[in-house]
Amino acid sequence: MTDPFDLDSAASTGAPPPNDYLAALNETQAEAVAATEGPLLVLAGAGTGKTRVLTTRLAHILLTAKAWPNQLLAVTFTNKAARQMKDRVAELINRNVDDLWFGTFHAIAARILRRHAELVGLKSNYSIIDADDQIRLLKQVLSGRDIDEKRWPARGLLFGIERWKDRGMTPDKAAAEGADSDAAAFADGRGVELYRAYQERLLALNAADFGDLLLHGLTLFTGHPDVLERWQKQFRYILVDEYQDTNVAQYLWLRLLAQSHRNLCCVGDDDQSIYSWRGAEVANILRFEKDFPGAKIVRLERNYRSTAHILGAASGLISHNAGRLGKTLWTDADNTGEKVAVQGVWDGDEEARLVSDQIEALRRDGERLAECAVLVRAGFQTRAFEERFITIGLPYMVVGGLRFYERQEIRDAIAYMRVTVQPDNDLAFERIVNLPKRGLGEASLRPIYKLARDQGLSLARAAAAIAETDELRPKPRASLKALTDGFERWRGLLKTVAHGDVVGIMLEDSGYSEMWRRDKSVSAPGRVENLRELERALGDFENLEEFLEHVSLVMDMDSADDNDMVNIMTLHSAKGLEFDNVFLPGWEEGLFPHERALMENGDAGLEEERRLAYVGLTRARKRAGVLFAANRRIYNQWQSSLPSRFIDELPGEHVIRRAAVGLQGGGLSEQAVPWRARRRAAPEAGEPTSVPDTGAGGGSFALGERIFHQKFGYGRIISIDGNKLEVAFEKAGVKKVIDSFVVAA
DNA sequence: TATATTAACGTTTTT
DNA sequence: CGTTAATATA
């Protein structure tokens, strides 16, 4: 092989000698970069320069001519991460890296699958379906078998199927595993049967869901050694980011690909594993050494991101987790910074107000808004902040909130494109046959379904055929014909007209745009605007097919983020990001740690929640603030809440407690206010802690007992569930409250 | 068939 | 509370 980058001439033209980039690394980082051959596991704590190691390593391999760009595979967890890494590598080696295989597991697997689709029973133009379609399909499968959806909700089945797929299990393997799993027990033990039916349905539709991309990838590799060998040769070096969040299917997929040359480098942090609910297995980290004997392990423990107080608080918190590999992060002693501010507020509104005030204070001090982030546990929490920020005119953006491509009107428009480009896409066809309303209801559709079934045609083709017959009455027939002719015409237009314009024509001809223009609801104008935005975005793609692939996998759109705005996002989507100032609201029992995580997964769930808190804190470079509210309105109900146990777990020397009321805006040097003393020990069963103000409350109430609540007044207890009471209040009606907010009357 | 009204339901995190 | 699914009516 010749030198892909012609280093000699690069050197002679004054470009930096290839070793320069190594000088920017510390000793362990350089070690991780230099060990290009053989299996390598990098345990990289938060803020230890993990991305730098990954990108430098890629650059190093390229610059030392160990491989061509297209022989490098770099797998990331999100598309954003892939993009960033790509840009940074390009910067390092000073040329474009379009030939590198950068992407998420799903994107890479989809790309490989396109080339061998027939081998797993798909066609290469298979479509990738999203969650909505999955549910729709499963509902069809269920109703076709007379299974009561009330008792056996499709969501539950989907969850089980996805766990199977996460573990790389086809229906056959799931059957072999036996009926003891929850998913197998679905609908009285018909889980596997339904899983199989669902898979058959997907194949018949020439469609794959997200899990299939990996699952089919596995069957492809294991069933066709020649194909596997081809890809093993293709990827001479494999890098994996966020390794702690890979699931078993992904792990097996990697192992197959890396088997021959073993040039696999995985970078991860067990303390940041936050996706076990989606099938991620931290155990993959432990397995690595076993499956790749002689693997080199490098630990990155020097933190370059956060101040000592922030790091100390985060470390103290995570030390409460039992199942850890154990790392000791450290930073420069002189980088002390400010203590983590912990502050209690009365309710969610006050919380939002306080955060906005503090952000404005920071802005006055010259901080950029883009360096401020509000990281919430659950999506609904963003609303309070949005409302507050809007009223005071503070620019913000919600990252990953309502994704562009998930909006109804965008999905509809995409369905039109799909049917046009992929006439066999029945799911897309079903979505828009009668949208806008064109008089094609159940009765008109029946003959189409029948014909499609009898002749083995797709719905769109069957519809075109029916439109030519007198099967339907004149009115529906005419409108069906208009639609099918439309698809034909638009397809033809694509050959001559720019695809963005074709989509515009499509949405006009079909009456779809018109439908929203005539809609008088408040959201309608926004939807029209979104459709316009969609047409504009189409320009960024070569053709419709490429765009549709992008949509299926990426589900987020590059928004121009050149404006200075506060970031609001969930803790999950904050992973991998960093900000100077981080606000962490909602640290309350029940919300964070989330009640459901605890209920469903017990201690393991709690530890994952704690890791999530750790991720949140370690996002901060200069300042971190934790908030909790004593009351939170959820739907209509007021819910009293206790401060999160995580607050107690923050080491006192790194934390400053601020008074609950009456002070804000005054910078960050408030006086410490002693918080109520908490018992250090006895983390036993939900023993109620004392509560501010009332000071009363006890664990034991009796059913029917008359009690008093600060906010709701007098009432009688109608049910007791642990420390949660349901109380029929005399004025306020039935509410759920925590026992410690209640006193005997 | 399409609309209007009512009931039920849900909020953890996402490729 | 707000959205969506199911049901009754025009």
Side-chain angles (χ1 to χ4, degrees), chain A residues 75-82 103-110 128-132 134-136 139 149-150 153-155 158-159 162 165-166 208-215 241-242 245-247 249-250 273-280 375-384 399-403 405-406 408 434-446 473 475-476 479 521-523 550-556 569-576 586 590-601 605 608-609 611-613 615-616 632-639:
Chain A
V75 195
T76 59
F77 210 64
T78 64
N79 296 290
K80 191 162 43 174
T104 60
F105 275 100
H106 300 275
I108 305 276
I128 300 166
I129 68 169
D130 61 20
D132 283 0
Q134 287 180 292
I135 290 291
R136 282 229 304 279
K139 281 187 174 165
E149 275 181 53
K150 286 254 149 49
R155 297 212 153 274
L158 179 60
F159 182 83
E162 291 194 320
K165 291 187 176 179
D166 287 339
D209 66 19
F210 269 81
D212 281 342
L213 298 176
L214 267 301
L215 191 66
D241 192 13
E242 307 285 9
D245 285 325
T246 54
N247 61 34
Q250 289 162 339
S273 152
I274 54 177
Y275 282 99
S276 74
W277 52 274
R278 210 176 72 193
L375 308 183
V376 298
R377 173 64 182 90
F380 74 86
Q381 289 175 268
T382 61
R383 225 179 82 191
V399 178
L402 8 93
R403 267 175 292 264
Y405 292 127
E406 280 172 11
Q408 187 190 342
N434 203 26
L435 193 80
K437 293 281 155 60
R438 39 173 81 90
L440 298 174
E442 205 182 324
S444 313
L445 259 22
R446 208 169 299 127
R473 290 161 186 279
K475 228 167 45 188
S479 70
S521 65
V522 280
S523 62
H550 168 84
V551 169
S552 302
L553 290 167
V554 174
M555 285 305 203
D556 84 333
M569 68 187 92
T570 63
L571 287 160
H572 281 88
S573 44
K575 193 175 65 158
L591 178 58
F592 194 31
H594 200 281
E595 188 179 19
R596 248 161 101 165
L598 265 43
M599 272 173 33
E600 284 165 20
N601 293 305
E608 179 144 323
E609 294 286 297
R611 288 193 293 270
L612 203 47
V615 167
R632 201 170 278 282
R633 192 170 49 185
I634 233 145
Y635 316 122
N636 221 1
Q637 304 213 330
W638 278 99
Q639 200 114 40

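Predicted model only: the values in this text are computed from it and were never measured. Throughout, a chain's letter reflects where its sequence line sits, starting with A, and its residues are numbered from 1.
- The pair A:K165-A:D212 counts as a salt bridge, with a side-chain nitrogen and a carboxylate oxygen less than 4.0 angstrom apart.
- Heavy-atom nearest nucleotides on DNA chain B were determined for A:A443 and for A:F77, and the one closer to the 5' end corresponds to A:A443.
- In this structure, A:R383 places its CZ atom where only 12 or fewer heavy-atom neighbours from other residues, nucleotides or ligands lie under 6.0 Å away.
- Rounded to a whole Å, the CD atom of A:E600 is 13 Å from the P atom of B:dT13.
- Rounded to whole Å, atom C1' of B:dT15 lies 11 Å from atom NZ of A:K575.
- As a whole-Å value, the separation of A:I135 CD1 from B:dG10 C1' is 14 Å.
- Remark: ring of A:W277 stacked against base of B:dT13; centroid gap under 5.5 Å, plane tilt under 30°.
- What separates NE2 of A:H550 from C1' of B:dT15 is a distance of 14 Å, to the nearest Å.
- Dashed line: the shortest gap from a side-chain N or O of A:T78 to OP1 or OP2 of B:dT14 is not under 4.0 Å.
- Rounding to the nearest 0.5 angstrom, the gap separating the CG atom in A:L571 from the NZ atom in A:K575 is 12.0 Å.
- Under the rule for a salt bridge (charged side-chain N to carboxylate O under 4.0 Å, His left out), A:R438 has no partner lying at least two apart in sequence or in another chain.
- A search for ring pair (Phe, Tyr, Trp, His ring centres under 6.0 Å) contacts involving A:Y275 returns A:F77, A:W277, A:H572, not counting sequence neighbours.
- Comparing B:dT15, B:dT1, B:dT14 by their nearest atom to the side chain of A:Y275 picks out B:dT14.
- Among the atoms of the strands shown, none is found under 4.0 Å from any heavy atom of A:Q408.
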Interface polar pairs with nucleotides 2-4 of chain B, N/O, under 3.5 angstrom:
{"unit_1": "B:dA2", "atom_1": "OP1", "unit_2": "A:G439", "atom_2": "N", "d": "3.3"}

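- For A:A131 and A:N601, each mapped to the nucleotide of DNA chain B holding its nearest heavy atom, the one lying further toward the 5' end belongs to A:N601.
- Between atom CG of residue A:D245 and atom CD of residue A:Q250 there is a gap of 9.0 Å, rounded to the nearest 0.5 Å.
- For the pair A:T76/A:E242, no side-chain contact is recorded, criterion being any heavy-atom separation below 4.5 Å from C-beta on.
- The listed nucleotides are B:dT11, B:dT13, B:dT15; the one nearest the side chain of A:H594 is B:dT11.
- In this entry the distance linking CZ of A:F592 with C1' of B:dT11 reads 16 Å, nearest Å.
- When the nucleotides B:dT11, B:dT1, B:dT15 are ranked by their closest atom to the side chain of A:S444, B:dT1 comes out on top.
- Nearest to the side-chain atoms of A:T570 among the listed nucleotides B:dT14, B:dT11, B:dT15 stands B:dT14.
- Taking the side chain as every heavy atom from C-beta outward, A:R155 and A:I135 approach each other to under 4.5 Å.
- One can place NE2 of A:H572 at 16 Å from P of B:dT11, the figure rounded to the nearest angstrom.
- Remark: P of B:dT1 and CG of A:L435 are 16 Å apart, rounded to the nearest angstrom.
- Rounded to an integer number of Å, the gap from CZ of A:R473 to P of B:dT1 is 9 Å.
- Within 4.0 Å (heavy atoms only), A:A107 reaches no atom of the nucleic acid at all.
- Residue A:F105 is classed as having no contact, given no heavy-atom separation below 4.0 Å to the nucleic acid.
- For B:dT13, neither phosphate oxygen OP1 nor OP2 lies less than 4.0 angstrom from any side-chain nitrogen or oxygen of A:S573.
- Look at the C1' atom in both C:dT4 and B:dT13: the space between them is 22 Å, to the nearest Å.
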